[in-house]
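As the structure is a prediction and not an experimental result, all values here were calculated from the model.
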Amino acid sequence: MTTDPRVAPPHLGSERDTLRAFLDYQRATLAMKCEGLGDEQLRERSMPPSTLSLLGLVRHMAEVERAWFRRVFEDGEAPMVWSDEIDFQAAYDASRSTRAEAFAAWEAEVETSRRIEREAASLDLTGHQPRWGGDVSLRMVMVHVLLEYGRHNGHADFLREGVDGTVGA
């Protein structure tokens with residue numbers, strides 16, 4: 001990782017603009033952690049028996065985006081990307097995955113999430129989260145997904161360090 005392409009979130013702004021910017025910053029952080037690595041490096045696992053890898057994190061975050069935006073606000077029956085069931089762990093096994101395949105799925109889900117958020121009249125938009133058995137607001141979903149990225153980007157620091165000895169921001 002030679003340069004930091006991320007756009008910093010604003011110091012001042014509306015709640016929605018701030019949430020949107022922080023979420024995009026975290027998305028860009030995951031992409032940055034994978035920058036410059038080939039398929040084999042991206043598939044490198046943290047340590048047995050874990051299947052966790054940078055590519056697995058990208059796949060997992062595609063599932064998170066789908067489950068929290070598309071399935072909550074548009075299509076509660078939309079299938080998961082890599083699982084016939086609602087199994088977020090299945091995405092971690094990227095042993096047969098490629099950068100092109102994982103990033104295409106992740107980027108498509110991010111674009112769908114962004115569209116859903118942009119089209120919503122307000123952060124008070126509600127949708128049904130079947131795993132929680134109740135309705136949730138767009139505000140809550142954005143915060144939840146932001147926290148997911150923050151947690152997994154912390155893992156990505158250590159995975160990247162294991163691949164090439166660097167730790168990013």
Side-chain angles (χ1 to χ4, degrees), residues 5-7 9-10 13-35 39 42-43 45 50-156 159:
R6 299 172 297 174
V7 175
S14 70
E15 177 186 19
R16 190 170 192 164
D17 288 343
T18 301
L19 285 172
R20 180 186 293 151
F22 267 99
L23 192 49
D24 279 342
Y25 185 83
Q26 289 296 323
R27 289 168 173 149
T29 298
L30 180 58
M32 188 178 77
K33 302 294 179 186
C34 298
E35 182 181 306
D39 288 351
L42 289 169
R43 284 192 294 260
R45 295 176 178 186
S50 175
T51 59
L52 188 61
S53 67
L54 285 166
L55 205 54
L57 287 178
V58 171
R59 288 166 45 107
H60 176 72
M61 291 312 298
E63 298 285 34
V64 168
E65 294 271 359
R66 178 172 286 200
W68 283 97
F69 284 94
R70 184 185 305 235
R71 288 179 55 92
V72 168
F73 297 110
E74 281 191 343
D75 180 3
E77 300 301 316
M80 299 302 283
V81 183
W82 288 283
S83 169
D84 293 333
E85 302 169 9
I86 308 300
D87 180 5
F88 288 88
Q89 303 304 310
Y92 285 132
D93 184 3
S95 58
R96 292 183 178 88
S97 187
T98 64
R99 169 191 272 280
E101 172 255 349
F103 272 83
W106 176 62
E107 289 165 354
E109 292 305 321
V110 167
E111 284 310 309
T112 297
S113 298
R114 285 179 176 143
R115 178 185 50 76
I116 290 167
E117 183 272 321
R118 277 191 317 268
E119 291 175 356
S122 79
L123 294 175
D124 294 323
L125 173 71
T126 59
H128 185 73
Q129 176 44 272
R131 292 182 72 211
W132 288 6
D135 288 347
V136 294
S137 69
L138 177 58
R139 174 184 296 102
M140 200 289 314
V141 167
M142 291 179 77
V143 169
H144 180 81
V145 174
L146 176 61
L147 292 171
E148 283 281 324
Y149 273 103
R151 179 167 64 108
H152 292 303
N153 283 337
H155 298 141
L159 289 164

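Aromatic ring pairs are classed by plane angle as parallel below 30°, tilted from 30° to 60° and perpendicular above 60°; the pair Phe22 and Tyr25 is perpendicular.
The side chain to side chain contact (heavy atoms under 4.5 Å, CB included) test applied to Ala108 returns no partner, not counting sequence neighbours. With sequence neighbours left out, Asp17 forms a salt bridge (Lys or Arg N to Asp or Glu O under 4.0 Å) with Arg20. Evaluation of the salt bridge (Lys or Arg N to Asp or Glu O under 4.0 Å) rule for Glu65 yields Arg27 as partners, not counting sequence neighbours.
The shortest side-chain heavy-atom distance between Cys34 and Phe103 falls under the 4.5 Å cut-off. Proximity of Trp68 to Met142: side-chain heavy atoms (C-beta onward) are nowhere separated by under 4.5 Å. A 4.5 Å side-chain heavy-atom check between Val141 and Phe73 finds at least one atom pair inside the cut-off. Side-chain contact check for Leu138 versus Arg16: some heavy-atom pair is nearer than 4.5 Å. With a 4.5 Å cut-off on side-chain heavy atoms, Leu52 and His60 do not count as touching. A heavy-atom distance below 4.5 Å is not found between the side chains of Val64 and Tyr149. Between Trp106 and Val81 the shortest side-chain heavy-atom distance does not fall below 4.5 Å. Annotation: side chain of Val58 is in contact with side chain of Leu30 (closest heavy-atom distance under 4.5 Å).
The CG atom of Leu19 sits 8.5 Å away from the CD atom of Glu117 when rounded to the nearest 0.5 Å. Atom NE2 of His152 and atom CG of Leu147 lie 10.5 Å apart (nearest 0.5 Å). Put simply, NZ on Lys33 and CG on Leu57 are 11.5 Å apart, with the number rounded to the nearest 0.5 Å. One finds the CD atom of Glu119 at 14.0 Å from the CZ atom of Arg114 (value rounded to the nearest 0.5 Å). One distance of note links NE2 of His144 with CG of Leu146; it measures 10.5 Å at 0.5 Å rounding.
Within the structure, every pair that satisfies the salt bridge (charged side-chain N to carboxylate O under 4.0 Å, His left out) test and touches residues 72-81, not counting sequence neighbours, is listed here: Glu74-Arg115. Among residues at least two apart or in separate chains, side chain to side chain donor-acceptor pair (under 3.5 Å) pairs with a member in residues 130-141 are Glu15-Arg139, Asp124-Arg139, His128-Asp135. Pairs passing the salt bridge (charged side-chain N to carboxylate O under 4.0 Å, His left out) check and including a residue from residues 92-105, sequence neighbours excluded, read Arg45-Asp93, Arg59-Glu101.
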Item to complete: Would you check, one step at a time, whether the test salt bridge (charged side-chain N to carboxylate O under 4.0 Å, His left out) holds for Arg66 with Glu63?
Response: CA-CA 5 Å; Arg66 178 172 286 200; Glu63 298 285 34; 5.4 Å; no

Discussion item. For Arg71 and Met80: C-alpha separation, side-chain torsions, deciding distance, then whether side-chain contact (heavy atoms from CB on, under 4.5 Å) applies.
Written reply: CA-CA 9 Å; Arg71 288 179 55 92; Met80 299 302 283; 3.8 Å; yes

Worksheet entry | Worked verdict on Arg70 versus Ser113 for side chain to side chain donor-acceptor pair (under 3.5 Å) | CA-CA 7 Å; Arg70 184 185 305 235; Ser113 298; over 6 Å; no

Worksheet item: Please walk me through it: do Asp24 and Val7 pass side-chain contact (heavy atoms from CB on, under 4.5 Å)?
Response: CA-CA 8 Å; Asp24 279 342; Val7 175; over 6 Å; no

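A donor-acceptor pair is defined here as one N or O able to donate and one able to accept, closer than 3.5 Å; such a pair exists between the side chain of Arg43 and the backbone of Ser97.
The two residues Gly56 and Ala94 make their nearest non-hydrogen contact at N-CB, 3.8 Å. The nearest pair of heavy atoms linking Met32 to Pro5 is SD-CD, 3.8 Å. Across all non-hydrogen atoms, the minimal contact from Ala62 to Glu109 is O-CG, 3.6 Å.
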